[in-house]
Amino acid sequence: MQSPGELPAIRSVRVGTTGTGSMHREHRYGSPLPTLLWVLLSRRWVDGVPVHFFAIDHRDGLVLFDTGLDPACASNPREYLGSALGVFFLNRLFRWQIRPEDNVTDQLALMGHDAGAVRKVVFSHLHFDHTGCIDHLLHAELIAPRREWQALTRPKAERSWYLRQHVDLPGAQWTLFDMAPCDDPDLASFDGCLDVMGDGSIMILPTPGHTAGSVSMLLRSAGMPPILLIADLAFELDMLMADHMPGVGEDFDAMRDSYARVRALRERLPGLIVLPSHDMETAARLSEALPA
Ligand SMILES: [Zn+2]
């Protein structure tokens, strides 16, 4: 992938946090109760859940994996969600601690990056806590799985936490993709892939389950361990390793299958660092893997 003397393809991988929140135990770890019952009645909360996105400084430009939350969803939820029912369910599901500076532009600045320098944003899926502040990034190429766009643009999509009014923006430069056949033997456990930069260093892999179109991002470059960003495939790495299903997901069979494919990749790539977007350990695991 890389000839001797060439600069590493990836210069840095950083995590941004667009606020933290609490979610119900049943939501995170599963429950034998019907979903609506625990959504309405649970008083058991898991606190300190981060809402992460990632910035990959590639030699050909800055690439993001998701954009996190828009602080407006906490400061002005009625306007952001567009419906009182949405606000009711949002408040049943989450308690946020989000400051105005918990947005993609300010979080990038903390890493020393200028939002204006973002070249591409790849979205794991199009839930609202992964698509905040797209209006800050209209100059960039926005890349999403076609199946996620279909979920975003179907009627009543907001009931599944797809907020089209904040994603399908005038002037936004969207590229929708399907997976291509993959001839990389390391990635043989997956049904296809997408090579984002054309050099194998940033590969998108299908990992459905949380939603039908959800994808993960594999980072490989000289001088760093391989890293797999799995977004919401699993809320915690330990859950993926133990085959532990969460309380919500579009397709649990697909999720179980994606868990197994990630575990197979881990065997294939020893030292693979697997980072979920809402795992309390993600930031520490990344800084341990890539000391600044
Ligand atoms: Zn999600």
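Position 1 is the first residue of the sequence; numbering continues from there.
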We want to know whether T131 and H166 form a side-chain donor-acceptor pair, criterion being a heavy-atom distance below 3.5 angstrom. no

Determine whether the side chains of D238 and H244 contain a donor N or O and an acceptor N or O closer than 3.5 Å. no

Report the C-alpha distance between F190 and C182 in whole Å, list the side-chain angles of each, state the deciding distance to 0.1 Å, and finish with yes or no for side-chain contact (heavy atoms from CB on, under 4.5 Å). CA-CA 8 Å; F190 293 91; C182 200; over 6 Å; no

Using 4.0 Å as the upper bound for N to carboxylate O, is an ion pair formed by [Y] and [X]?
{"X": "R28", "Y": "E236", "result": "yes"}
{"X": "R119", "Y": "E141", "result": "no"}
{"X": "R95", "Y": "D47", "result": "no"}
{"X": "D253", "Y": "R256", "result": "no"}
{"X": "R59", "Y": "D199", "result": "yes"}

Closest approach of [X] to [Y] (non-hydrogen atoms, all atoms of both residues):
{"X": "F123", "Y": "P145", "value": "O-CD, 3.3 Å"}
{"X": "G68", "Y": "F53", "value": "N-CB, 3.8 Å"}
{"X": "S221", "Y": "P8", "value": "OG-CB, 3.6 Å"}
{"X": "A55", "Y": "L62", "value": "CB-CD1, 4.4 Å"}
{"X": "L187", "Y": "L205", "value": "CD1-CD2, 4.0 Å"}
{"X": "C193", "Y": "M203", "value": "SG-CE, 3.6 Å"}

Can any side-chain N or O of [X] pair as donor or acceptor with the backbone N or O of [Y] at less than 3.5 Å?
{"X": "R285", "Y": "T282", "result": "no"}
{"X": "T18", "Y": "L69", "result": "yes"}
{"X": "Q173", "Y": "L142", "result": "no"}
{"X": "S287", "Y": "A284", "result": "yes"}
{"X": "N103", "Y": "P100", "result": "yes"}
{"X": "D66", "Y": "S124", "result": "yes"}
{"X": "D279", "Y": "L237", "result": "yes"}
{"X": "T67", "Y": "G132", "result": "yes"}
{"X": "R146", "Y": "D178", "result": "no"}
{"X": "E26", "Y": "S31", "result": "no"}

First locate atom [atom1] of [X], then atom [atom2] of [Y], and finally report the distance between them rounded to the nearest 0.5 Å.
{"X": "S214", "Y": "E250", "atom1": "OG", "atom2": "CD", "result": "8.0 Å"}
{"X": "R44", "Y": "Y29", "atom1": "CZ", "atom2": "OH", "result": "11.0 Å"}
{"X": "H136", "Y": "D106", "atom1": "NE2", "atom2": "CG", "result": "8.0 Å"}
{"X": "M239", "Y": "F235", "atom1": "CE", "atom2": "CZ", "result": "7.0 Å"}
{"X": "D186", "Y": "L218", "atom1": "CG", "atom2": "CG", "result": "8.5 Å"}
{"X": "D257", "Y": "D251", "atom1": "CG", "atom2": "CG", "result": "9.0 Å"}

Specify whether W38 and H24 have parallel, tilted or perpendicular ring planes, treating 30° as the upper limit for parallel and 60° as the lower limit for perpendicular. perpendicular

Can you say whether the rings of H210 and H125 are parallel (under 30°), tilted (30 to 60°) or perpendicular (over 60°)? perpendicular

Just wondering, more than 12 heavy atoms not from R92 lying within 6.0 Å of its CZ? yes

Does atom CD of E79 have more than 12 heavy-atom neighbours, drawn from other residues, nucleotides or ligands, at distances under 6.0 Å? no

Can you tell if the side chain of [X] reaches within under 4.5 Å of the side chain of [Y], non-hydrogen atoms only?
{"X": "W96", "Y": "T20", "value": "no"}
{"X": "R159", "Y": "L85", "value": "no"}
{"X": "L40", "Y": "L37", "value": "no"}
{"X": "L169", "Y": "I134", "value": "yes"}
{"X": "V46", "Y": "M280", "value": "yes"}
{"X": "L163", "Y": "V167", "value": "no"}
{"X": "I56", "Y": "R11", "value": "no"}
{"X": "I227", "Y": "L272", "value": "no"}

Ring centroid separation for [X] and [Y], is it under 6.0 angstrom?
{"X": "W149", "Y": "F177", "value": "no"}
{"X": "H127", "Y": "Y162", "value": "yes"}
{"X": "F94", "Y": "H27", "value": "yes"}
{"X": "H52", "Y": "H130", "value": "no"}

Please report the C-alpha distance between Q107 and T17 in whole Å, then the side-chain angles of each, then the deciding distance to 0.1 Å, and finally whether the side-chain hydrogen bond (donor to acceptor under 3.5 Å, both in side chains) criterion is met. CA-CA 7 Å; Q107 291 301 309; T17 308; 5.3 Å; no

Derivation and outcome, side-chain contact (heavy atoms from CB on, under 4.5 Å), residues I273 and L275: CA-CA 6 Å; I273 310 290; L275 302 176; 3.7 Å; yes

Linking I/L/V/M/F/W/Y whenever their side-chain heavy atoms sit closer than 4.5 Å, directly or via other members, would [X] and [Y] fall into one cluster?
{"X": "M224", "Y": "L265", "answer": "no"}
{"X": "V63", "Y": "M111", "answer": "no"}
{"X": "F88", "Y": "F128", "answer": "yes"}
{"X": "F252", "Y": "V215", "answer": "no"}
{"X": "L228", "Y": "F65", "answer": "no"}

What verdict does the side-chain contact (heavy atoms from CB on, under 4.5 Å) test give for L126 and R164, after you've listed the backbone C-alpha separation in whole Å, the side-chain angles of each residue and the deciding distance to 0.1 Å? CA-CA 9 Å; L126 295 175; R164 183 175 183 174; over 6 Å; no

Identify the residue among L64, V196, L229 that makes a side-chain contact (heavy atoms from CB on, under 4.5 Å) with V122. V196

Could you walk me through whether D184 and R220 pass the salt bridge (charged side-chain N to carboxylate O under 4.0 Å, His left out) test, one step at a time? CA-CA 13 Å; D184 185 329; R220 295 176 297 181; 3.0 Å; yes

Which is it for T207 and S216 under the side-chain hydrogen bond (donor to acceptor under 3.5 Å, both in side chains) test, yes or no, and what are the steps along the way? CA-CA 6 Å; T207 48; S216 295; 2.8 Å; yes

Residues Y80, S75; criterion side-chain contact (heavy atoms from CB on, under 4.5 Å); working and verdict: CA-CA 9 Å; Y80 191 76; S75 62; over 6 Å; no

